[in-house]
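So the structure is just underneath, and the comments pick up after that.
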Amino acid sequence: MNNETINKKGGISVETAHIFPVIKKWLYSEKDIFLREIVSNACDAVTKLKRLSSLGKYDGGDEIYRVEVSLDKDAKTLTVSDNGIGMTAEELDRYICQIALSGALEFVEKYEGDNKNNGIIGHFGLGFYSSFMVSEKVELITKSYTGSSAIHWVCNTEGEYETTLGERAEHGTTVIMHISDEEIVYLEAYKIREILDRYCAFMPVEIYFIDDSDDAEKKKEDDAKEEPKPVNDTTPLWLKNPSDCTPEEYKEFYRKVFHDYREPLFWIHVNADYPLNFRGILYFPKLTNEYESIEGQVKLYYNQVFVADNIKEVIPEYLLMLKGVLDCPELPLNVSRSYLQNNTYVSKVSAHIVKKVADKLNSLCNVSREEYEKVWNDIRTFVEYACMRDRKFYDRVKDSMLLELTDGSYLTLPDYLANAKDTHENTVYYTSDKAAQVQYISMFEAEGIQVALFEKQLDSQFLSMMESYTPETKYLRIDADVANALKASSENADNQALTELFLKVSGNENLKVEFAAFKDGSVPVLLTISEESRRMDEMMKLYSMGGMNMGAYPLDAKLTVNTASPLIQKLESMTEEKKEKTASYLYQLSLLSQRKLSADELQKFLSDSYSVLDLL
């Protein structure tokens, strides 16, 4: 070996200008990343040696590979050691002292040709210098698998280094970080465990954490325990074939990664091959109620190395309620937001995820209908919102969207319309408040007409969107046009006297009074307004523009008098005083079924109630 190469002093190559901006960026964002870089480099070194072994260029026998992270609080050091490929003096000079060169890239070009998706990150030399974000001095002891002498390299924060012969029995590399006084938090075991759990939980080589700072008594306790376990899972669930995974494994993985005690509703295992080449698992979390925050958590990985939480550029905004992991080896490890926003690969990944979500909903609806109906109310708000934001998503799932009916059953829209063909073709009748509109529901059900539930806050906007997407289908609330909906027989007799009576007691000269005979005679009068007017009023309230006057209705307010009601039939034979008090009371009841009464209306309603009771 060339002694000049071993016994060498100098300064880091001027090519450090290529990497210092990156280090500075990390310095002012997340310093914890330094440990991810050093540990992933160690895993890379093992991966390279395994690859050489598979190519027949190295015989490792039954060698067990591992990475050790050791903390010594007293010595103020944090050490990462591996038994991977190691480096010769020449390689150390190229890969470490000349930062801009990438050892892994050279390795790939030499042994892999154009196959760059081999799991080797390719950042040794670049990520290594992130160790200086927390260290006042860094030592590196490395020995190549080729059997050459071990090398000891020491460098300070000024870039001044020294390379000498080192002492190391086996191949591999040890990085000793002397933690600076300003960063002593990285000498705390809890902090190191926290970083390993966040960034290294699924790296492909077993990682062990050793706390050499513990007192002797604790060490004795540890010695009495079983063999230490790795802090990571080297074969995460997303790498397996979906057919090999059990429901309990999916649930356990969800609890482990997201610390959510509630079981997910269901999940999607994504395994996209060329040209996208990414894997992952996406979960639909269970929401406590519709007002709960629906922001999920999607973790992005690069060949099992954690990159970031909640990368919104990879998941469409309307899918952000999902929780999951995505492993995208086509993305760089240190990815920027601007890169993601303008990257064609990211756009294709996002589109593929949308398709997989739609396919899952369709599959559940068509194959596992009972299970689908059980979770529908939990995912309904999400599906409606997604349809409103993306017409293509709506087109994919439109036949798998369920209508919940007042009797507790569910139908798809095509099935509902098929059932309604003989009674109310191309019209969906719904209730926005099952309790308040119970009398209308009863009348519709008596006619064999199914009523859908649209009681959520988002439903009003969703219905408007549905009508814009499919204008041939109308959505009418059951109290909008009862007479037409129930096809009641019109009364052609002269009811001028009753018309004038109800106009008088209502105090609304614009009120339209009509007469119809319903099969159900239990409801004497019904007050309705058109679907269009009511939606306009709701929109005005939504945008704080006021709404309908509490004491009156718009010009298209309509009072339908049910001539099949025994009470209406008796009304004509009453004395004028009793007739007016009864009609006033009936009108107030019809108002009450539509909205909250104003103070004056409530006072009159109570007065009329007492008067009617007095007539008994």
Side-chain angles (χ1 to χ4, degrees), residues 290 373 376-377 380-381 384 401-460 462-464 466-467 473-489 514-535 537-538 553 556-568 585-597:
E290 67 175 300
E373 290 182 359
W376 174 251
N377 280 336
R380 175 178 166 181
T381 299
E384 289 183 358
M401 298 176 67
L402 298 183
L403 297 176
E404 182 183 5
L405 306 181
T406 52
D407 62 3
S409 63
Y410 294 86
L411 288 176
T412 63
L413 179 59
D415 288 341
Y416 179 95
L417 294 177
N419 292 347
K421 189 173 183 180
D422 296 331
T423 56
H424 48 104
E425 188 173 9
N426 292 330
T427 301
V428 177
Y429 286 104
Y430 70 94
T431 174
S432 60
D433 191 327
K434 188 177 180 180
Q437 297 160 9
V438 63
Q439 68 175 14
Y440 298 96
I441 295 172
S442 177
M443 296 177 70
F444 273 72
E445 290 179 343
E447 298 287 341
I449 297 177
Q450 296 170 306
V451 179
L453 288 174
F454 283 102
E455 300 179 299
K456 296 184 180 295
Q457 190 175 29
L458 186 67
D459 285 340
S460 178
F462 173 70
L463 292 179
S464 296
M466 288 291 287
E467 289 182 332
T473 302
K474 298 298 180 184
Y475 292 81
L476 296 177
R477 204 167 79 176
I478 52 177
D479 57 355
D481 193 0
V482 180
N484 289 336
L486 301 181
K487 299 188 182 303
S489 60
E514 68 175 15
F515 297 86
F518 299 110
K519 291 181 180 179
D520 185 352
S522 63
V523 180
V525 294
L526 294 169
L527 184 66
T528 61
I529 60 170
S530 70
E531 184 79 7
E532 293 76 12
S533 293
R534 183 181 50 73
R535 289 193 193 180
D537 177 65
E538 291 174 350
Y553 271 94
D556 60 356
K558 180 167 58 178
L559 184 73
T560 302
V561 181
N562 183 8
T563 57
S565 167
L567 185 56
I568 294 298
Y585 184 63
L586 291 177
Y587 176 73
Q588 298 297 326
L589 285 174
S590 70
L591 266 182
L592 190 60
S593 69
Q594 277 283 357
R595 59 172 171 80
K596 183 179 179 180
L597 299 180

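Hydrogens, waters and symmetry mates play no part in the numbers below; they use all other heavy atoms, side chains included. Because the structure is a prediction, the values reported are computed rather than measured.
Asp433 CG to Asp479 CG: the interatomic distance, rounded to the nearest 0.5 Å, is 10.0 Å. In this structure, Asn419 CG and Ile449 CD1 are separated by 12.0 Å, a value rounded to the nearest 0.5 Å. Rounding to the nearest 0.5 Å places CZ of Phe515 at 8.0 Å from CG of Leu559. Here the CD atom belonging to Glu384 is positioned 8.5 Å from the CE atom belonging to Met466, to the nearest 0.5 angstrom. In this structure, CG in Leu411 is found 5.0 Å from CD in Gln450, a value given to the nearest 0.5 Å. Here the straight-line distance linking atom OG of Ser432 with atom CG of Leu463 works out to 9.5 Å at 0.5 Å rounding.
Using a 4.5 Å heavy-atom cutoff, the side chains of Leu589 and Val525 are not in contact. Residues Val428 and Leu417 are in side-chain contact: their nearest non-hydrogen atoms beyond the backbone lie under 4.5 Å apart. In this structure the side chain of Asp459 reaches within 4.5 angstrom of the side chain of Arg380, judged on heavy atoms.
The nearest pair of heavy atoms linking Leu567 to Pro524 is CD2-CG, 4.3 Å. Minimum interatomic distance between Thr381 and Leu458 (heavy atoms only, all atoms of both residues): O-CD2, 3.8 Å. When all heavy atoms of Asn562 and Ile568 are compared, the pair lying nearest together is O-CG1, 3.5 Å. Shortest non-hydrogen contact noted between Leu402 and Glu373 is CD1-CG, 3.9 Å. Taking each heavy atom of Leu403 and Ala452 in turn, the nearest pair found is CB-CB, 4.4 Å.
Between the Lys434 side chain and the Thr406 main chain, a donor and an acceptor come within less than 3.5 Å of each other.
When Tyr440, Tyr416, Phe454 are each tested for a ring-ring contact (aromatic ring centres under 6.0 Å, His included) with Tyr430, only one passes: Phe454.
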>> Under the criterion side chain to side chain contact (heavy atoms under 4.5 Å, CB included), I'd like the reasoning laid out for Trp376 against Met401: C-alpha separation, chi angles, the key distance, then a yes or no.
In response: CA-CA 9 Å; Trp376 174 251; Met401 298 176 67; 4.2 Å; yes
